[in-house]
Amino acid sequence: LDPLIWLSGLYYNSIEGRLINYGLQYSKRYKGRERLSVNPVFRYGFHNTHFNAYLNSSFSFGKKYLNTISISGGKKVFQFNNSNPISEINNTLSTYYWQHNFMKIYEASFGKLEYTRAFGDGFSATLTASFQDRKPLENSIDSLKGKAFSPNYPIELGLGNIPSHKAFMATLSLNWRPGSKYVEFPDRKINIGSKYPIFNLLIAQGVNGLLGSAVDYTKWHLSMNDDLNFKLGGLFRYSIEAGGFLNARKTFIPDYQHFLGNQTAIASQYLSSFQLLPYYQYSNTDNFYGAAHGEY
């Protein structure tokens, strides 16, 4: 069970008003590396009276190398940036106390299937297929304490809210850390890292026409990150990334390349976000972008 305290379950935004987002977790370990995890999540907005429920489940297995199959589906509230740049508690404080409704959301019935496999030598791959039947949401509360809320879509993009549509996406992610070392046991190998960086290549395809999908695009993302330990000289962490759209024939705001911004007083993750960037100001479908973060 999620903890039964206010900060973990009861939130507030301009679309749903006060809301409960509550989850349960069941996990069972079998022989070897086999493990099952099931996580149902329930969400109810008291002001717009929308009920959403979905299920996440995963099964891990494998003798020498770990493999995981994950299945999820149901009806869910998504941020336009599906990487969730703003947390529920940060948005609650911002919306209720300062009337800045930064979180922009839509509703979707969805299904997702994901398979991750490790191959050894620091190499692993993840294949994902996902479907969303996206529906726009509007503010059900126009103002609070005499201050009007902004519309429930990224006004920085000047596009208005998304129309109802369906989207089928297929993603391949390749992860490689050269020189990876392993500790080997009779029934498994455990990766203990390497002195070299981690490289990740991701290709995402919006599949037009499949299950009524209206999207049609191809985008890529390449990243490199590492921690450099200089001992008495300190620790330097960095992350470098590049990407873009090979084509963007048909996209909607959730399909854009988004950057993790932050407009609240609470710092976000240093090596993956920009602390003073509006959440959707530079969202785009351009051919190329680059970004770098460092922390000493």
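Scanning both residues, P85 and Y279, for their nearest heavy atoms gives CB-CD2, 3.7 Å. Scanning all heavy atoms of the two residues, the minimum distance from G45 to L19 falls at CA-CB, 4.0 Å. Of all heavy-atom pairs spanning A248 and T285, the tightest one is CB-CB, 4.0 Å. Of all heavy-atom pairs between L144 and F149, the closest is CB-CZ, 3.7 Å.
None of R134, K250, K219 except one satisfies the salt bridge (charged side-chain N to carboxylate O under 4.0 Å, His left out) rule with D255; the exception is R134. Evaluated for a ring pair (Phe, Tyr, Trp, His ring centres under 6.0 Å) with Y289, the options Y256, F259, F245, Y282 yield exactly one hit, F259. When the options T49, N21, N52 are evaluated for a side chain to side chain contact (heavy atoms under 4.5 Å, CB included) with Y44, the one that passes is T49.
A donor-acceptor contact shorter than 3.5 Å is absent between the side chain of Y54 and the backbone of V77. Under a 3.5 Å cut-off, the side chain of E114 and the backbone N or O of T126 do not form any donor-acceptor pair.
Between N229 atom CG and F236 atom CZ the span is 13.0 Å, to the nearest 0.5 Å. A distance of 7.0 Å separates CE of M103 from CG of N13, quoted to the nearest 0.5 Å. One finds the CH2 atom of W220 at 10.0 Å from the CG atom of N287 (value rounded to the nearest 0.5 Å). Atom OH of Y11 and atom CD1 of I20 lie 11.0 Å apart (nearest 0.5 Å). Remark: N247 CG to D216 CG distance equals 6.0 Å, nearest 0.5 Å. Rounded to the nearest 0.5 angstrom, L66 CG and E34 CD are separated by 11.0 Å.
Counting heavy-atom neighbours within 6.0 Å of K112 NZ, excluding the residue itself, gives a total of 12 or less. In the displayed structure, K147 atom NZ is contacted under 6.0 Å by more than 12 heavy atoms of other residues, nucleotides or ligands. Shown here is Y115, whose OH atom has more than 12 heavy atoms of other residues, nucleotides or ligands within 6.0 Å. Residue-environment remark: CD1 (I192) exceeds the threshold of 12 foreign heavy atoms within 6.0 Å. More than 12 heavy atoms of other shown residues, nucleotides or ligands fall within 6.0 angstrom of atom NZ in K145. Within 6.0 Å of the OH atom in Y270, the count of heavy atoms belonging to other residues, nucleotides or ligands does not exceed 12. Atom CD of Q281 sits in a crowded spot, with more than 12 heavy atoms from other residues, nucleotides or ligands closer than 6.0 Å.
Using cut-offs of 30° and 60° for the angle between ring planes, the F168 and F131 rings count as tilted.
Hydrophobic clustering (side-chain heavy atoms under 4.5 Å, transitive across Ile, Leu, Val, Met, Phe, Trp, Tyr) keeps I198 apart from Y238. Put simply, Y296 and M224 are part of the same group of oily side chains (I, L, V, M, F, W, Y) that touch within less than 4.5 Å, one to the next. By the criterion of side-chain heavy atoms lying less than 4.5 angstrom apart, applied directly or through intervening Ile, Leu, Val, Met, Phe, Trp or Tyr residues, L246 is grouped together with I203 in one hydrophobic cluster. F102 and F274 sit in two unconnected hydrophobic clusters of ILVMFWY residues. Membership requires side-chain heavy atoms under 4.5 Å apart, directly or through other members. Under a hydrophobic-cluster definition in which Ile, Leu, Val, Met, Phe, Trp and Tyr are linked whenever side-chain heavy atoms come within less than 4.5 Å, directly or via other members, I155 and I15 are assigned to the same cluster.
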### Message
Applying side-chain contact (heavy atoms from CB on, under 4.5 Å) to L159 and I253, what does each step give before you reach the verdict?
### Response
CA-CA 9 Å; L159 298 175; I253 298 174; 4.0 Å; yes
### Task
Apply side-chain contact (heavy atoms from CB on, under 4.5 Å) to the pair F78 and F80, showing each step before the final yes or no.
CA-CA 6 Å; F78 291 87; F80 279 91; over 6 Å; no
### S173 and N200: CA distance, side-chain angles, deciding distance, side chain to side chain donor-acceptor pair (under 3.5 Å) verdict
CA-CA 7 Å; S173 176; N200 176 264; 3.0 Å; yes
#### Entry: Step-by-step ring pair (Phe, Tyr, Trp, His ring centres under 6.0 Å) determination, Y12 to Y96
CA-CA 7 Å; Y12 183 89; Y96 192 77; 5.1 Å; yes
### Task
Could you please spell out the steps behind the side-chain contact (heavy atoms from CB on, under 4.5 Å) verdict for Y217 and R249?
CA-CA 6 Å; Y217 63 85; R249 286 184 285 265; over 6 Å; no
### Message
Let's go through V215 and T251 carefully: what are the C-alpha distance in whole Å and the side-chain angles of both, what is the deciding distance for side-chain contact (heavy atoms from CB on, under 4.5 Å) to 0.1 Å, and is it a yes or a no?
### Response
CA-CA 5 Å; V215 300; T251 59; over 6 Å; no
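Side-chain N/O atoms of S213 and N208 include no donor and acceptor closer than 3.5 Å. If you check the side chains of S94 and H100, you find no donor sitting under 3.5 Å from an acceptor. Between the side chains of T264 and N262, at least one donor-acceptor pair of N or O atoms lies under 3.5 Å. Side chains of N48 and E16: no donor on one and acceptor on the other come within 3.5 Å. For the residue pair N82 and Q132, a side-chain donor N or O sits within less than 3.5 Å of a side-chain acceptor on the partner. If you check the side chains of H258 and S283, you find a donor sitting under 3.5 Å from an acceptor. Side-chain atoms of T95 and N101 include no donor-acceptor pair closer than 3.5 Å. Using modelled atom types, one finds a donor on one side chain and an acceptor on the other under 3.5 Å when comparing K104 with S150. Checked by atom type, the side-chain pair Y106/Q79 shows no donor-acceptor distance below 3.5 Å. For S273 and S268, the side-chain atoms include at least one donor-acceptor pair closer than 3.5 Å. Checked by atom type, the side-chain pair N39/S57 shows no donor-acceptor distance below 3.5 Å. With no hydrogens or angles considered, no side-chain donor-acceptor pair links T171 and T128 at under 3.5 Å.
In this structure, the side chains of P178 and W176 come closer than 4.5 Å at one or more pairs of heavy atoms. Side chains of S27 and L36 form no contact here, defined as non-hydrogen atoms less than 4.5 Å apart. By the 4.5 Å heavy-atom criterion applied to side chains, Y280 and N81 are counted as neighbours. Here the side chains of L24 and F42 are in contact, with some heavy-atom distance below 4.5 Å. Taking 4.5 Å as the limit, some side-chain heavy atom of L174 sits within range of a side-chain heavy atom of F123. Within the 4.5 Å cutoff, no side-chain heavy atoms of P136 are placed close to those of P163. Looking at heavy atoms from C-beta onward, E88 lies out of side-chain contact with N90 at the 4.5 angstrom threshold. Inter-residue side-chain proximity for T68 and F61 is flagged as unmet; no heavy-atom pair is nearer than 4.5 Å.
Under 4.0 Å is where a charged nitrogen must lie from a carboxylate oxygen, and between D226 and R177 at least one such pair does. Between K76 and E107, no side-chain nitrogen of the basic residue sits less than 4.0 Å from a carboxylate oxygen of the acidic one, so the salt-bridge criterion is not met.
In this structure, the ring of F252 has its center less than 6.0 angstrom from the ring center of H165.
For the pair K63 and Y65, the NZ or CZ position fails the cation-pi test of under 6.0 Å to the six-membered ring centre and within 45 degrees of the ring normal.
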